[in-house]
Amino acid sequence: MLQVQFIRDNKDVVLEGLAKRNFANAEAIINDVLKFDETRRSTQVSLDNVLADSNKLSKEIGMLFKSGEVQKANLLKEKTSQLKESGKELTEQLNDVTTKLQDLLYQIPNVPHASVVAGTSEEDNEEVFKEGTIPNLGEKALPHWELAKKYDIIDFDLGAKISGAGFPVYKGKGARLQRALINYFLDKNTSAGYNEVQVPHLVNEASGFGTGQLPDKEGQMYHVTADDLYLIPTAEVPITNLYRGSLVKEADLPITLTGYTPCFRREAGSYGAHVRGLNRLHQFDKVEIVRVEKPENSYEALNGMVEHIKGILRELKLPYRILRLCGGDTGFTAALTFDFELYSTAQERWLEISSASNFETFQANRLKLRYKNSEDKNQLAHTLNGSSLALPRVLAAILENYQTPEGIKIPEVLVPYCGFEIIN
RNA sequence: GGAGAGGUGGCAGAGUGGUAAUGCAGCAGCCUGCUAAGCUGUCAUCCUUCGGGAUGCCCGGGUUCGAAUCCCGGUCUCUCCGCCA
């Protein structure tokens with residue numbers, strides 16, 4: 001959520017930014033925000049004055065009662081009724097305009113970083129980095145869902161039986177490889193200084209709101225209605241919300257966290273070939289990194305996260321590229337996002353496996369996550385997160401790119417974690 | 001699931017109807033050469049014509065001229081009992 005003050009002071013910047021996202025009716029909405037904000041403030045001034053008068057009267061009445069001048073006190077009491085009424089009216093007006101203002105603010109996405117280009121879809125994303133060699137697998141290369149069947153390591157039908165489509169069952173070496181990846185990722189992250197946490201997989205509404213999933217993206221999350229809890233779509237939600245409502249010390253920044261969780265997504269509306277196999281699931285595993293930073297350091301931190309993720313992909317020896325998302329493809333809450341994509345040789349397409357974003361103060365404003373700055377003022381922190389990494393598509397790419405006539409070779413760095421060198 | 005207690009500033013902790021003590025920590029200034037102390041201010045949010053004003057004691061209602069305090073509903077934490085990995 002943008003701060004009203006920021007919109008008030010930087011209307012042009014906001015409008016330019018929203019234009020890059022192709023955000024409809026930006027000008028009208030921003031003008032409404034400014035209008036409601038002005039009404040809100042002037043209403044508050046009027047209300048404050050009424051309340052001040054009535055506080056004064058109350059004090060006088062109290063004094064009069066104390067000194068036994070009951071009649072005078074009762075006379076004053078009558079005067080308060082009028083103030084009460086106008087106070088009530090103004091309070092209603094204030095609540096009304098505040099709600100309207102909030103509702104609008106919830107609808108406005110983050111202002112993209114200066115480096116983000118305008119664009120409407122993934123077509124406009126900019127490739128900023130590419131590395132690794134795409135193996136030549138020949139004609140007989142199989143997509144991972146066929147490999148999974150051939151070696152009996154992932155069973156989609158069994159998952160469909162017990163839950164539904166999009167809930168795979170990992171078996172044998174498949175399960176072990178999955179666990180190896182989780183441990184490998186966590187080890188990489190903790191050795192880079194991220195503190196490991198294990199967090200709940202169900203969160204309350206306030207947490208969903210804090211990181212921006214609610215109220216808008218409600219349909220993307222599984223909702224346990226009996227207890228009003230949401231299954232997390234990403235560890236970003238519980239981990240970032242650890243600091244909801246916190247006032248942290250400047251010396252404690254940056255806060256760097258990592259955690260493994262399953263992620264649950266309803267993926268309402270998805271269909272077709274592109275969701276085959278592991279490409280899009282309702283439940284998948286992911287290791288996440290989260291940072292809370294001072295504003296002046298947040299972009300350097302984002303670069304650091306990108307470099308960190310690069311290091312992991314290099315070790316896995318998978319061909320990948322990095323995209324800087326265009327305005328239209330950048331998530332609602334992010335100011336700048338880099339997507340990492342692996343090349344799946346058998347599917348002949350790029351698969352998104354990580355997304356690293358700087359949210360600047362957008363989440364912090366909702367979370368009320370502040371720190372005391374050097375001037376001893378409370379200031380909103382910047383939040384960032386990135387996947388390191390999302391498991392299924394990494395697994396898919398490993399299966400596909402490492403397939404040989406003898407079986408699927410395990411990337412060298414994973415062998416100690418797996419305890420075997422080949423799936424055959 | 002049952003019973004009880006509780007939720008007050010960054011932290012600790014008073015306050016049972018008259019408008020949020022006090023301590024610690026932090027910040028600014030003053031002062032003092034004795035390893036740091038003392039004094040003053042500041043130290044939640046919003047508004048402001050920069051004089052101030054309003055709000056704020058878990059959340060939402062209510063009673064009252066006036067609510068941290070009384071009433072109703074919710075929520076969370078703790079203790080005990082029950083059940084249980």
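Just so we're clear, the structure is a prediction, and the values are computed from it rather than from any experiment. Letters A, B, ... mirror the listed sequences (proteins, then strands); counts begin at 1. Just so you know, these numbers use all the heavy atoms, side chains as well, and skip hydrogens, waters and symmetry mates.
Among the heavy atoms of the strands lying under 4.0 Å from A/Leu51 are primed sugar atoms or P, OP1, OP2 only; no base atom is included. Backbone-only engagement by A/Asn378 is indicated by non-hydrogen atom pairs under 4.0 Å involving sugar-phosphate atoms exclusively.
Taking atom P in both B/G6 and B/U16, the straight-line distance is 13 Å, to the nearest Å. For the P atom pair drawn from B/C24 and B/G13, the interatomic distance equals 15 Å after rounding to whole Å. Taking the C1' atom of each, B/G53 and B/U19 are spaced 15 Å apart, rounded to whole Å. Nucleotides B/A12 and B/A25 are separated by 15 Å at their P atoms, to the nearest Å. The C1' atoms of B/A44 and B/G56 are separated by 7 Å, rounded to the nearest whole Å. Comparing the C1' positions of B/C58 and B/A68 gives a spacing of 12 Å, expressed to the nearest Å. On the P atoms, B/C70 is 16 Å away from B/U8, given to the nearest whole Å. Separation of the P atoms belonging to B/G9 and B/G15 is 16 Å when rounded to the nearest angstrom.
In this structure, A/Phe332 and A/Phe362 have perpendicular ring planes: the angle between them is above 60°, well past the 30° mark.
A/Val203 places none of its side-chain heavy atoms less than 4.5 Å from the side chain of A/Asn241.
Close approach of RNA chain B to chain A, defined as any atom under 4.0 Å from a non-hydrogen atom of the protein, starts and stops at B/G10 to B/G66.
Look at B/C84: it lacks any Watson-Crick or wobble partner with both distances under 3.5 angstrom. Across all strands shown, nothing is found opposite B/U63 as a Watson-Crick or G-U wobble partner with both distances under 3.5 Å. Pairing partner, B/A5: B/U77, with both Watson-Crick or wobble hydrogen-bond distances short of 3.5 Å. Figure legend. B/U32 is base-paired to no nucleotide; pairs are counted as Watson-Crick or G-U wobble with both atom distances under 3.5 Å. Here B/A21 sits opposite no nucleotide as a Watson-Crick or G-U wobble pair (both hydrogen-bonding atom distances under 3.5 Å). In this structure, B/U16 makes no Watson-Crick or G-U wobble pair, since no nucleotide meets both defining distances under 3.5 angstrom.
Between atom CZ of residue A/Arg370 and atom NZ of residue A/Lys377 there is a gap of 13.0 Å, rounded to the nearest 0.5 Å. If you take CZ on A/Phe185 and CD on A/Glu288, they are separated by 12.5 Å, rounding to the nearest 0.5 Å.
Here the side chain of A/Gln403 pairs a donor or acceptor atom with the backbone of A/Leu142 at under 3.5 angstrom. No donor-acceptor pair closer than 3.5 Å links the side chain of A/Thr240 to the backbone N or O of A/Val237.
Within 6.0 Å of CD in A/Glu38 there are 12 or fewer heavy atoms belonging to other residues, nucleotides or ligands. The number of heavy atoms from other shown groups lying within 6.0 Å of CD (A/Gln71) does not exceed 12. At most 12 non-hydrogen atoms from other residues, nucleotides or ligands lie less than 6.0 angstrom from NZ of A/Lys317.
The stretch residues 73-83 of chain A comes close to RNA chain B through A/Lys77, A/Thr80, each having a heavy atom under 4.0 Å from the strand.
Both A/Ser42 and A/Ser54 sit near RNA chain B, but only A/Ser42 has its closest nucleotide nearer the 5' end. Each of A/Val45 and A/Asn55 was assigned the nucleotide of RNA chain B with the nearest heavy atom; the assignment lying further toward the 5' end belongs to A/Val45.
Residues A/Leu336 and A/Ser115 approach most closely at CD1-OG, 3.8 Å, considering heavy atoms.
The glycosidic torsion of B/G38 lies more than 90° away from 0, which places this base in the anti conformation.
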